[in-house]
Q: 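I am attaching a structure below and will ask some questions about it afterwards.
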Number of protein chains: 2
Amino acid sequence: MINPNVSVDCVVFGFDGQRLNALLIEQEDLGQDHRFALPGDHLQDEESLDEAASRVLKELTGLTGLYLRQCGAFGDPNRVSNTNDLPWLRTHRSNPEARVITIAYYALVKMEDFNPSASGFAKRVFWTDTYDIPALAFDHNDIFKQALDTLRKALKDMQVGFKLLPEKFTLTQMQSMHEAILRTAFDKRNFRKKVINDNWVIPLEEKQTGVDHKPARLYRWSKKD
Amino acid sequence: MINPNVSVDCVVFGFDGQRLNALLIEQEDLGQDHRFALPGDHLQDEESLDEAASRVLKELTGLTGLYLRQCGAFGDPNRVSNTNDLPWLRTHRSNPEARVITIAYYALVKMEDFNPSASGFAKRVFWTDTYDIPALAFDHNDIFKQALDTLRKALKDMQVGFKLLPEKFTLTQMQSMHEAILRTAFDKRNFRKKVINDNWVIPLEEKQTGVDHKPARLYRWSKKD
DNA sequence: ACAAAAGTGTTCGGGATACACCCATGC
DNA sequence: GCATGGGTGTATCCCGAACACTTTTGT
């Protein structure tokens, strides 16, 4: 292998209408406590970094076609040398002591469109509230923080938010998403004025169904992906 | 070597009072045309990515103590396989065909404080206008673009501009720097109002010397590095 | 009728923009 | 005295923030 110690790790964000969630995997049990981690794996020859990130997500979680962006490279010489990480490394890596450089990605998914299922060395895949992330393997908690920061900056530039919403959504859903990601409350009238005036969304004729109150108008994002 | 095909490449920006410049190296001549590149080199064992970037700049240009920030990772399988790059790779790399993943950095220097001088495999080091960058080796032109984009975003957040100015500077110098980086013109009165009201700079009692017109007041940056 | 969420306008303050002339110094 | 850049104030516009009540639907 040409790049034996380079990997990609992905922070997959999903929004469920209330909370911002991230996708974690539980690594195979080796007689230890539960070990949680971000989905990630070594880079293979002949694949680009972006391709590696896509492949990893497909292999470990079954997700494909996600919006993916780099959010940093992590290469501290000791980033994989915590003793808790050693048993797993010894069974999965030909050179368990080697420092691994990882390229971090964040991904956004419309949760309704995807149904992650564990495979590869992931024993289990599950969504967790982003404000309640457990201790993760390696330096994955650092990577997660950086991914969230990057997402927040991108959201303020109004470039990515729609990747987390269904095709048709209500303004309340959109506002909740912003509030969940940025951890702030917005005024309903001001929020609506802004997204409509600035042409971020386009109103549809359709309305919400199946709710036991006044159904809200649906909107779609105005920009191309 | 544990990470044989990982490198760092650095875009060093400097401001000369008029123009934004970037530091390039000319690679050793191998009977070809001039070959220009960003300063960069392979990662060594036991050094972090940031440390590698510092070392590379010291070894190739003599510069130390620079402000350095990551601005992306580049790992396309073909990024080093342009035929023009092969002769150089063959004399400098044990595995010239190997794909190299590089972590890109940008650095900011006060040009007056530093005097870059070529060493290592750099035959020559020189400043070039950032709007007149020649064709560079590998994908270094792409890396340069991304570094400039990153610098511009950071400058708007007003975090980094002062790294390019002398300790004491005039507001006209500061404005020129912003204009050079962002490629826009600002109104003199508005610019001054802003940087003074928002406490970005602190006026000194000192004035400019050695100019053949009314000497300008000097300022210093108000924040800590 | 009642519960639940949808939907809607106005006021106010602060920051960004546009704009032109006099001043101090060196030669 | 003249050339060169230094230095200064005001009016306007737009955007973001604060704020509360009526409407529509399902049960």
Side-chain angles (χ1 to χ4, degrees), chain A residues 15-19 152-153 155-159 161 165-166 168-222, chain B residues 15-19 152-153 155-159 161 165-166 168-222:
Chain A
F15 178 67
D16 62 11
Q18 256 84 67
R19 295 170 179 286
R152 284 178 172 158
K153 285 200 185 100
L155 185 72
K156 284 183 195 163
D157 295 344
M158 258 300 148
Q159 294 164 340
L165 292 172
K168 301 170 180 179
F169 52 88
T170 69
L171 294 187
T172 301
Q173 287 172 329
M174 182 175 176
Q175 182 175 343
S176 302
M177 180 194 73
H178 280 250
E179 291 177 339
I181 295 175
L182 299 175
R183 292 233 115 178
T184 47
F186 295 102
D187 178 86
K188 183 160 60 158
R189 282 169 290 192
N190 293 338
F191 186 84
R192 285 161 185 247
K193 236 180 304 175
K194 185 174 181 60
V195 299
I196 292 169
N197 284 348
D198 295 2
N199 264 11
W200 289 339
V201 296
I202 292 171
L204 303 172
E205 289 312 310
E206 246 171 301
K207 301 209 165 183
Q208 226 178 4
T209 56
V211 289
D212 71 342
H213 54 74
K214 174 173 173 179
R217 179 182 289 276
L218 294 173
Y219 290 76
R220 66 177 177 81
W221 193 257
S222 69
Chain B
F15 177 68
D16 62 11
Q18 256 83 68
R19 296 170 178 286
R152 285 180 173 157
K153 285 199 185 101
L155 185 72
K156 284 183 194 162
D157 295 343
M158 258 300 147
Q159 294 163 341
L165 293 172
K168 302 170 182 178
F169 52 87
T170 70
L171 293 187
T172 300
Q173 286 173 328
M174 182 176 177
Q175 182 174 343
S176 302
M177 180 195 72
H178 280 249
E179 292 177 338
I181 295 176
L182 298 175
R183 292 231 115 178
T184 48
F186 296 102
D187 177 86
K188 184 161 58 160
R189 280 169 292 192
N190 294 338
F191 185 84
R192 283 159 188 248
K193 236 181 303 176
K194 184 174 181 63
V195 299
I196 292 170
N197 284 348
D198 295 1
N199 265 8
W200 289 339
V201 296
I202 292 172
L204 303 172
E205 289 313 309
E206 246 170 302
K207 302 210 165 182
Q208 226 178 4
T209 55
V211 289
D212 71 343
H213 54 75
K214 174 175 175 179
R217 178 182 290 274
L218 295 174
Y219 290 75
R220 66 176 176 83
W221 194 257
S222 68

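Chain letters run A, B, ... following the sequence lines, proteins first, then strands; residues in each count from 1.
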Q: Of the residues in residues 187-195 of chain A, which ones touch DNA chain D at a heavy-atom distance under 4.0 Å?
A: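 Those residues whose heavy atoms fall under 4.0 Å from DNA chain D, taken from residues 187-195 of chain A in numerical order, are A:D187, A:R189, A:N190, A:K193, A:K194.
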Q: Report yes if some heavy atom in the side chain of B:Q173 is under 4.5 Å from a heavy atom in the side chain of B:Y219; otherwise report no.
A: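 No, too far: nothing below the 4.5 Å cut-off.
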Q: Find the distance A:H213:NE2 to C:dA4:C1' and express it as a whole number of Å.
A: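 Spelled out: NE2 on A:H213 to C1' on C:dA4 is 6 Å.
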Q: Indicate whether OP1 or OP2 belonging to C:dA6 is found under 4.0 Å from a side-chain N or O atom of A:T172.
A: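 Checking C:dA6 against A:T172, a side-chain N or O does come within under 4.0 Å of OP1 or OP2.
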Q: Could you check whether any side-chain N or O of A:R19 sits under 3.5 Å from a backbone N or O of A:A180, counting only pairs where one atom can act as donor and the other as acceptor?
A: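 Judged by distance alone, no pair lies under 3.5 Å.
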Q: Can you give the first and last nucleotides of DNA chain D, 5' to 3', that have an atom under 4.0 Å from a heavy atom of chain B?
A: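 Terminal contacting nucleotides, 5' to 3': D:dT4 to D:dT10.
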Q: Can you name the residues that form a salt bridge (charged side-chain N to carboxylate O under 4.0 Å, His left out) with B:K168, not counting sequence neighbours?
A: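 Applying salt bridge (charged side-chain N to carboxylate O under 4.0 Å, His left out) to B:K168 gives B:E206.
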Q: With a 3.5 Å distance limit and no angle check, can you tell me whether B:Q208 reaches the backbone of B:P215 through a side-chain donor-acceptor pair?
A: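 Pair absent, no side-chain N/O of B:Q208 close to backbone of B:P215.
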Q: Find the distance B:K207:NZ to C:dA24:P and express it as a whole number of Å.
A: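 Answer to the nearest Å: 9 Å.
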Q: Would you kindly compare A:D198 and A:P215 by the position of their nearest DNA chain D nucleotide and give the one closer to the 5′ end?
A: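 Closest to the 5' end, via its nearest nucleotide, is A:D198.
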Q: In the structure I gave you, are the side-chain heavy atoms of A:D187 and A:R192 within less than 4.5 Å of one another anywhere?
A: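 No, their side chains stay 4.5 Å or more apart.
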Q: Nearest nucleotide by nearest heavy atom, which residue falls closer to the 5' end of DNA chain C, B:D212 or A:L171?
A: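 Counting from the 5' end, the first nearest nucleotide belongs to A:L171.
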Q: Between A:G17 and A:S176, which heavy-atom pair has the shortest distance, and what is it?
A: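 Closest approach of A:G17 to A:S176, heavy atoms only: O-CB, 3.8 Å.
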Q: Starting at CE of A:M174 and ending at C1' of C:dA6, how long is that distance when rounded to a whole Å?
A: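 Computing the A:M174:CE to C:dA6:C1' distance gives 17 Å.
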Q: Which heavy atom of B:R217 sits nearest a heavy atom of B:L204, and at what distance?
A: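 The pair with the smallest heavy-atom distance is NH1-O, 2.5 Å.
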Q: Give the minimum heavy-atom separation between A:F169 and A:W221, together with the two atoms involved.
A: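 Minimum heavy-atom contact is CE2-N, 3.6 Å.
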